[in-house]
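Structure, as structure tokens:
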Amino acid sequence: MFMKKSVYFPLLGAAACSGLGGCNSKAEKQPQPPPNIVFILADDVGYGDLSCYGATEVQTPNVDRLAASGIRFLNAHAAAATSTPSRYALLTGQYPFRRNDTGIAAGNAPSIIKPEQKTVAAMLQTAGYTTGAVGKWHLGIGTDTNQPWNDYITPGPKELGFDYSYIMAATGDRVPCVYLENQRIVNLDPSDPVEVSYETPFPGEPLGRDHPELLFNLHPSHGHDMAIVNGISRIGYMKGGKQALWVDEYIADSITSKAVAFIENNRDKPFFLYFGTNDIHVPRWPHPQFVGKSGMGPRGDAILQFDWSVGQVLDALERNGLTENTLIILTSDNGPVIDDGYKDQAVELLGDHKPGGAFRGGKYSAFEAGTRVPFLVGWSRGGVEKGKESPALVSQVDFFATLAALAGQTLSDDAAPDSFDQLNVWLGKDGKGREYVMEQALSGTLSVVEGDWKYIEPSKQNNPILKNTATESGFITEPQLYNLKDDAGERNNIAAEHPDEVKKLAERVEKVKNTSKTRE
């Protein structure tokens, strides 16, 4: 369990009270209520996909609105270049490479986070917060791969610290294509039960690979040729649940409305909202109001839809008088990918847009674009300076310990072992940030950024270009060293010229890998 101390909210000015028990003199101001926390986690949105990070081909005015009200971090990193391990690190404060079961989860994967593990949501519950998870989950659910889809499924978000949940079990391109509200399928007809398999097709259920004429919305470019839902073929096999199936063009509507409802239903008490958008993950099939608006096809239109979702959340906070006292964090689970399995013209219509900004690689990659992500923080009452840029080195693995500091929680020794308190950094009081950040690529290849240096450990095999996505992976059998100050694009491997730096950073990686925790 978490060891609790008086809740305090630092950096609010000398006149603010330091606890919830009241002030010591009449001259002091009354204690402020604890801040609400809204965490918006985009899916596959790259460093260069937002206009506040330099995109010109597509505009994101609502994200820009958040950037104008707070801090835009220039050197922030996801813990991994793929979804499941990145989210695992966020919620547990533990590097995903410490376990061998945190890879990209199938739609019927059991819960990767175990109920006995500490999570940021459970920690905030201890601090008196009402907690909610809405949108993409992709961390598994249940005890094994034979989930009771037609009943209550446990363990799930509830057992991990969330009072309320409305989730997609995995991703938009994986079955089951249904919503789970508080761990039960929404709109399920008991006479049409859901069945899911990732091994064997169900007799009589058409597959994308055999029936392309049924794919009236999107066709696959690679993989994604199994169960057909809403004219789009997916990964995995599914049967039943016809009444409960989602419609892709309304996913953003559905999950955004649930996020807004959570805010409105809890406006009179401290709340924590974890909002994982489906955008801009494949299959990209946005609402008609966004179709054709970006000029870049469904991927660009999905960016506009993501921005709309952000605007709906910001408007809900403003409408309910919560903006000033809400800490808002916006980031992405990993870097961008262009063709990730569907013929949506993302490559053909990309034009001059650079999803990864100045950085090389993308989702799955050991190069910077795989894990260098947008990271915005706003909180008026917390004294966050408006429109500020910060060069501080930031990692999403610090989400847990930072919010624990905000909520006045002392972490037990077995909680968030790799997470550090970075509250001063998030609030703009510290411009340096972490000493180093660790990054994990698809292959398990690890890298470390420390100061101006980036070291990528040798991979087990040479695979410099990922075949399906055409991503520059950075997976070679030789050590790599880059000076990011001089070479942000990681084009000049200078490992042979700086053996001492390679040795130092390689030892850093090995030490972290072989130590059970880095937070003391």
Side-chain angles (χ1 to χ4, degrees), residues 39 41 75-105 109 111-114 116-123 138-140 160-161 274 329 331-335 363-368 370-373 375 393-405 411-422 425 433-450 453-460 474-475 504-520:
F39 182 71
L41 184 61
N75 199 6
H77 301 255
T82 53
S83 174
T84 300
S86 172
R87 292 161 195 263
Y88 174 85
L90 265 171
L91 291 178
T92 67
Q94 182 184 56
Y95 289 129
F97 56 76
R98 299 205 183 283
R99 288 174 43 181
N100 60 9
D101 61 348
T102 60
I104 301 173
S111 182
I112 293 169
I113 304 175
K114 306 307 177 186
E116 62 270 18
Q117 283 185 270
K118 310 299 189 300
T119 69
V120 67
M123 177 273 295
H138 207 195
L139 286 162
L160 302 179
Y274 174 87
I329 308 107
T331 187
S332 182
D333 61 348
N334 48 248
K363 182 178 180 179
Y364 311 118
S365 175
F367 288 130
E368 278 293 275
T371 53
R372 180 85 72 111
V373 290
F375 195 94
L393 187 60
V394 172
S395 173
Q396 291 177 1
V397 77
D398 295 326
F399 186 61
F400 196 141
T402 300
L403 292 188
L411 298 180
S412 57
D413 288 341
D414 60 343
D418 298 306
S419 190
F420 290 86
D421 171 12
Q422 296 290 289
V425 178
R434 266 181 161 259
E435 180 184 358
Y436 66 92
V437 297
M438 296 287 294
E439 303 169 334
Q440 176 181 327
L442 175 67
S443 66
T445 298
L446 298 180
S447 57
V448 61
V449 174
E450 185 172 333
W453 296 105
K454 164 82 173 281
Y455 166 76
I456 304 174
E457 69 176 358
S459 296
K460 294 179 180 178
F475 304 158
K504 170 190 168 186
L505 295 176
E507 288 174 350
R508 167 79 77 187
V509 170
E510 290 303 312
K511 181 178 179 181
V512 173
K513 279 199 297 186
N514 296 314
T515 304
S516 61
K517 64 178 183 177
T518 51
R519 179 181 61 80
E520 296 297 339

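Note that the coordinates shown come from a computational prediction; the quantities given were computed from them, not determined experimentally.
- S419 places a side-chain N or O within 3.5 Å of a backbone atom of V397 that can act as its donor or acceptor partner.
- In this structure, T84 contributes its side chain and H138 its backbone to a donor-acceptor pair below 3.5 Å.
- Residues satisfying the side chain to side chain contact (heavy atoms under 4.5 Å, CB included) criterion with E435, sequence neighbours excluded, are E450, R508.
- The backbone N or O of G161 sits nowhere less than 3.5 Å from a side-chain atom of T119 that would complete a donor-acceptor pair.
- Tested against Y436 for a side chain to side chain contact (heavy atoms under 4.5 Å, CB included), the candidates L505, V449, T518 yield a single pass: T518.
- A salt bridge is absent between K504 and E507; no separation between the charged side-chain nitrogens and carboxylate oxygens falls under 4.0 Å.
- Q396 places a side-chain N or O within 3.5 Å of a backbone atom of S332 that can act as its donor or acceptor partner.
- To the nearest 0.5 angstrom, L41 atom CG is 4.5 Å from R87 atom CZ.
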Derivation and outcome, side chain to side chain contact (heavy atoms under 4.5 Å, CB included), residues E368 and H77: CA-CA 9 Å; E368 278 293 275; H77 301 255; 3.1 Å; yes
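- Residue L160 holds its CG atom at 5.5 Å from CD1 of I113, rounded to the nearest 0.5 Å.
- Rounded to the nearest 0.5 angstrom, T92 OG1 and F399 CZ are separated by 11.5 Å.
- The two residues F475 and A441 have their closest heavy-atom pair at CE2-CB, 3.4 Å.
- Judged purely by distance below 3.5 Å, without hydrogens or angles, the side chains of E439 and S447 pair a donor atom with an acceptor atom.
- Closest non-hydrogen pair, K118 versus A415, comes out as CG-CB, 3.7 Å.
- Applying the side chain to side chain contact (heavy atoms under 4.5 Å, CB included) test between T102 and each of Y88, F97, Y95 identifies Y88 as the sole match.
- The shortest heavy-atom contact between I112 and G103 is CD1-O, 4.4 Å.
- When the options L411, L91, D421 are evaluated for a side chain to side chain contact (heavy atoms under 4.5 Å, CB included) with F400, the one that passes is L411.
- For N334, the side chain to side chain contact (heavy atoms under 4.5 Å, CB included) partners at least two apart in sequence or on another chain are D44, S83, K363.
- S365 is linked by a side chain to side chain contact (heavy atoms under 4.5 Å, CB included) to F367, T471, counting only residues two or more places apart in sequence or in another chain.
- Residues T371 and Q440 come closest through the heavy atom pair CG2-O, 4.5 Å.
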Chi angles and distances behind the side chain to side chain contact (heavy atoms under 4.5 Å, CB included) call for N75, F375: CA-CA 8 Å; N75 199 6; F375 195 94; over 6 Å; no
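- Shortest non-hydrogen contact noted between M123 and L403 is CE-C, 3.7 Å.
- Counting only distance, with no hydrogens or angles, the side chain of S395 and the backbone of D398 share no donor-acceptor pair below 3.5 Å.
- Here R434 contributes atom CZ and L393 contributes atom CG; the two are 7.5 Å apart, rounded to the nearest 0.5 Å.
- A pairwise comparison of heavy atoms in T402 and Q422 identifies OG1-N, 2.9 Å as the closest pair.
- A donor-acceptor pair under 3.5 Å links the side-chain atoms of S86 to the main chain of D333, judged by distance alone.
- Note: F39 and Y274 have parallel aromatic rings, judged against thresholds of 30 and 60 degrees for the angle between ring planes.
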